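Quick caveat, the model's predicted, so the values are computed rather than measured. Chain letters run A, B, ... following the sequence lines, proteins first and then strands; every chain starts at 1.
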Amino acid sequence: MEQPEDVPHNPTEQAAICFKAFMLKNSPKSNLNLYDHLVRVLCKVMDERPENAVDIIEDMSLEVKRAGMRDKQSTLRDTPPVPAVQVLAEQQKTLFTRGGGDEVEPEEELVETPLPNLAEQSFFLEQAGVGLAREEMQRVHLALKQLVDSQPLQSCRFWGKILGTRANYLVAEVDFREGEEEEEDSPQEEGADEEEKEGGSKDDDEEEAEEAIDPLPESTYKPPPAVPKEENRTGVNKFTYFIRRFFTGDLDAPVVSYPPFPGNETTYLRAQVARISAGTQVSPLGFYQFGEEEGEEEEETARDSFEENPEFEGVPVPEMVESLANWVHHVQHILQQGRCVWVNLAEKADEDLEEEGDEEEKEEEPDEPEPEVGPPLLTPLSEDAEIDNTPPWSAKMSSALIPQFAIAVLRSNLWPGAYAYATGKKFENIYIGWGMKFSGDGYTPPVPPAPQREYPSGEEITEALDPSLEEEQALQAALEERRAAEEEAEELEGEEEEEEDDY
Amino acid sequence: MDSNTLYYSLELVSGNGLRLSCEQKAALQTSLVILQRNYRFSRVLFWGKILGVKGDYFIAQGATEDELRAKKTLYSLNCIDWHLLPLPTPVLLAEVSAVAKGRFVGDPSFEYELTETRQQGEGDEAVKEEFTMKVTEEKRLAATVFNIERDVAVVPRGAFIRTPHDTVQVNRSFQGLSTLEAGNLSNYLHFTEPQHLKKKSIMEMADLDPSIDFLDPLSEDIPKESWSLQMEGSSVCVLRSLLWLGLTFFHVPFTPQHGYIYMGDGLKNLDLPFML
């Protein structure tokens with residue numbers, strides 16, 4: 001073997017090379033070695049030529065080390081969060097795919113569907129100066145289509161949009177097909193709450209994915225028209241008359257209010273939707289008519305169903321604008337009780353009590369309350385009450401320049417955000433707003449009930465004066481005297497006994 | 001919002017339900033150009049719409065050299081004929097807040113009346129005197145627009161700069177907020193004379209850039225949650241005021257596009273503390 005030429009012969013030189021090797025050894029911790037580090041530090045000194053280099057050599061060394069570390073940190077830092085826009089786009093992409101995947105035969109497409117023609121509505125609404133942006137409307141339309149495809153619905157309508165502080169609700173009003181409806185009608189006493197849950201659980205999938213992001217279909221089901229009258233007996237609605245709160249956009253959010261509201265935001269939303277519907281769903285006079293059979297049979301109860309009038313010709317637009325009598329409500333009025341059909345609560349209570357066999361309390365029951373009666377269905381708007389000298393409705397034409405082709409627009413002053421339009425045989429209602437009724441002057445929350453009365457004052461709880469020392473001593477003396485007297489008596493008895501024992 | 005970008009910025013704020021009909025949009029694009037020439041404004045802003053029971057008011061604003069202070073407000077009933085609104089003085093504001101209640105009617109000459117009985121003199125000589133205050137709806141409109149401007153006019157931070165001459169001008173190098181910044185209320189400023197800024201301590205003022213941070217940020221509003229900030233659609237940032245329901249502001253991140261519009265009934269939401 002040939003020896004390398006540069007083998008040092010000088011021992012000092014060899015020692016130097018050994019030491020250099022030592023300095024070149026990498027540290028397992030930082031993967032640096034002293035030699036390179038010193039080279040860098042000295043290079044830095046030569047580059048910068050600082051004054052009094054010896055004083056700051058430690059700092060420079062640290063700086064060099066830190067500069068080396070920087071690269072490593074950068075790999076840790078940047079994990080960019082997925083932007084909300086991307087998530088939203090991914091979710092909305094499904095809206096634009098055709099359901100079913102396979103090619104749909106042209107005949108199948110023509111089958112009558114409950115899907116509303118939202119594009120047409122949007123066109124008329126734009127003339128009326130309301131509605132959502134066109135793109136947003138298109139997305140809603142697609143979402144409704146998905147809803148119609150996935151649920152057995154008889155009719156479907158875009159009800160409107162309720163704005164919330166963190167997200168907004170889009171509300172669709174649907175009517176389940178016959179078979180389903182019967183099932184849902186059965187738990188009648190449970191009322192609206194039950195209905196909510198059923199609706200809620202059904203659209204959970206959509207809900208979870210799309211909640212809290214705005215222009216997506218957070219569809220909240222409106223139960224079939226037959227159901228609102230069975231709304232919660234004690235009146236979910238009743239409470240909403242007294243509270244004013246913004247929606248947050250989260251269905252599970254608690255509704256913190258006074259008076260306390262029973263339920264979470266789902267219930268609150270459902271109740272407000274029902275109130276708005278009852279107040280603002282209107283149609284041109286003559287579009288709907290009462291079914292003939294029902295009207296004659298049940299004279300006492302209010303008629304609660306109607307059908308489309310096939311002979312409806314349409315009311316001319318100028319007349320619709322001029323007179324509110326040409327518009328009628330087609331949703332039942334909600335009574336103070338929180339129901340559309342009045343229920344005698346007192347009767348119910350009686351029955352319960354009888355079952356329990358509690359006869360005494362029964363007598364204390366109040367007399368039969370007067371049944372509340374609301375205005376009947378299809379009442380003209382001209383009979384609506386004024387609030388604070390403000391007429392409840394404003395009507396106008398959509399265009400002043402081309403009145404021949406204008407449409408009639410009706411704006412509710414009672415529920416800001418509720419609009420209706422009508423042209424010829426077509427009409428539609430929509431609500432876009434905060435879900436708040438116009439309250440006139442400032443809202444004053446109801447006063448909390450008076451504090452509970454204190455304990456009735458009596459002997460047991462009245463304070464007595466503490467006895468003074470003299471009184472205590474007097475009492476003690478009296479006690480001692482009595483005790484002495486008793487002892488004497490006992491002694492006498494004892495003596496007698498002893499005497500008896502003696503003999 | 002700037003009248004030049006009206007045709008697409010109106011779409012971005014229509015999420016709260018009110019928009020302009022095609023006829024109105026077309027009319028505005030014609031009449032605002034003429035308005036700008038007649039009054040020699042540097043730019044014209046479409047401010048919004050106030051709903052009345054019988055008719056609606058459309059409001060426009062003209063800006064001159066100083067964007068913040070020297071603004072003129074005009075109103076129209078048909079989007080074509082514009083009329084100058086009177087300048088709101090403190091007296092006018094006080095009168096309006098005392099007298100005008102309820103919805104707007106839609107007639108500028110409508111008079112709101114308030115009758116007060118005041119006692120004059122003392123003791124037996126006291127004479128009750130009926131005192132009637134009258135305010136026209138035009139004045140009320142001027143006061144309402146001024147109040148809304150003062151309470152909730154919004155611009156993104158950096159969109160306007162203060163020059164050394166103390167005039168406020170559009171910042172031409174403003175490139176928009178980033179998506180992260182756009183989600184934070186402290187990056188939006190009240191576009192009005194600052195009210196809290198002067199009370200800040202030197203420590204707080206040290207971090208502020210005097211040419212940009214000369215306005216109050218929204219994050220210092222009371223009550224705390226009086227704004228609803230949401231990202232809508234294809235990354236448009238939308239701010240809605242809960243104090244003046246109907247005021248909507250939009251900003252498209254990474255672009256200089258921003259603007260606000262008021263479409264509502266012109267009533268302040270006094271119930272706000274109960275509703276949060």
Next item on the list: Mind checking the CG-OG spacing from A:L125 to B:S21? Nearest 0.5 Å is all I need.
Entry: 12.0 Å
Notebook entry, point to check: Can you find a side-chain donor-acceptor pair between B:E23 and A:S399 that sits under 3.5 Å?
Noted result: yes
Margin query: Can you tell me which portion of B:L272 sits under 4.5 Å from chain A's heavy atoms? Options are side chain, backbone, both or neither.
Written below: side chain
Margin query: Atom CD of residue position A:E90 - does it have more than 12 heavy atoms of other residues, nucleotides or ligands inside 6.0 Å?
Written below: no
Item checked: Neighbour count >12 (heavy atoms, 6.0 Å) for atom CG, B:L180 -> no
Notebook entry, point to check: What part of A:Q127 is in contact with chain B, defined as an atom under 4.5 angstrom from a non-hydrogen atom: side chain, backbone, both or neither?
Noted result: backbone
Note to self: Please classify the contact between A:L132 and chain B as side chain, backbone, both or neither, with a heavy-atom cut-off of under 4.5 Å.
What the structure shows: both
Item checked: Contacts of type side-chain contact (heavy atoms from CB on, under 4.5 Å), residue A:Q281, not counting sequence neighbours -> A:R157, A:W159, A:E173, A:S277, A:H330, A:V331, A:N429
Item checked: Side chain to side chain, B:N269 and A:W434, heavy atoms closer than 4.5 Å -> no
Next item on the list: For B:T248, check side-chain hydrogen bond (donor to acceptor under 3.5 Å, both in side chains) against everything at least two apart and list the hits.
Entry: B:N16
Margin query: I need the B:E11 CD to A:R134 CZ distance, nearest 0.5 Å.
Written below: 6.0 Å
Next item on the list: Please confirm whether the backbone N or O of B:S228 pairs with a side-chain atom of A:R166, one donor and one acceptor, at under 3.5 Å?
Entry: no
Notebook entry, point to check: Looking at CZ of A:F123 and SG of B:C22, how far apart are the two atoms once the value is rounded to the nearest 0.5 Å?
Noted result: 8.0 Å
Check: Counting only heavy atoms not in A:K426, do more than 12 fall under 6.0 Å of its NZ?
Finding: no
Notebook entry, point to check: At what distance, to the nearest 0.5 angstrom, does CE of B:M275 lie from CZ of A:F247?
Noted result: 9.5 Å
Next item on the list: Of all the heavy-atom pairs spanning B:D56 and A:R411, show the shortest one and how long it is.
Entry: OD1-NH2, 3.3 Å
Next item on the list: Could you grab the distance from atom CD of B:Q24 to atom CD of A:E126, nearest 0.5 Å is fine?
Entry: 10.5 Å
Note to self: Do B:Q230 and A:T165 have side chains that approach each other closer than 4.5 Å (heavy atoms only, starting at C-beta)?
What the structure shows: no
Notebook entry, point to check: Taking every heavy-atom pair that is under 4.5 Å apart, which of B:L51, B:T179, B:L12 has the most such pairs with chain A?
Noted result: B:L51
Next item on the list: Compare all side-chain heavy atoms of B:L245 with those of A:M436 and state whether any distance is below 4.5 angstrom.
Entry: no
Next item on the list: Answer with side chain, backbone, both or neither: which region of A:I430 has an atom nearer than 4.5 Å to a non-hydrogen atom of chain B?
Entry: neither
Item checked: Residue part contacting chain A, namely of B:L20, when any heavy atom lies under 4.5 Å -> backbone
Item checked: Residues of residues 74-83 of chain B within contact distance of chain A, non-hydrogen under 4.5 Å -> none
Check: Mind checking what makes salt bridge (Lys or Arg N to Asp or Glu O under 4.0 Å) contact with B:R103, not counting sequence neighbours?
Finding: B:D265
Checklist line | Minimum side-chain heavy-atom gap B:V53-A:W393 below 4.5 Å | finding: no
Item checked: Option that, when pairs with chain B are counted at under 4.5 Å, heavy atom only, ranks first among A:S394, A:G129, A:S398 -> A:G129
Next item on the list: Step through the shown structure and confirm whether more than 12 heavy atoms of other residues, nucleotides or ligands are within 6.0 Å of OH on B:Y8.
Entry: yes
Next item on the list: Tell me, yes or no, whether the heavy-atom count around B:K139 atom NZ, taken from other residues, nucleotides or ligands under 6.0 Å, exceeds 12.
Entry: no
Item checked: Separation between CG of A:N168 and CZ of B:R240, rounded to the nearest 0.5 Å -> 5.0 Å
Margin query: So for A:Y431, is it side chain, backbone, both, or neither that comes closer than 4.5 Å to the heavy atoms of chain B?
Written below: neither
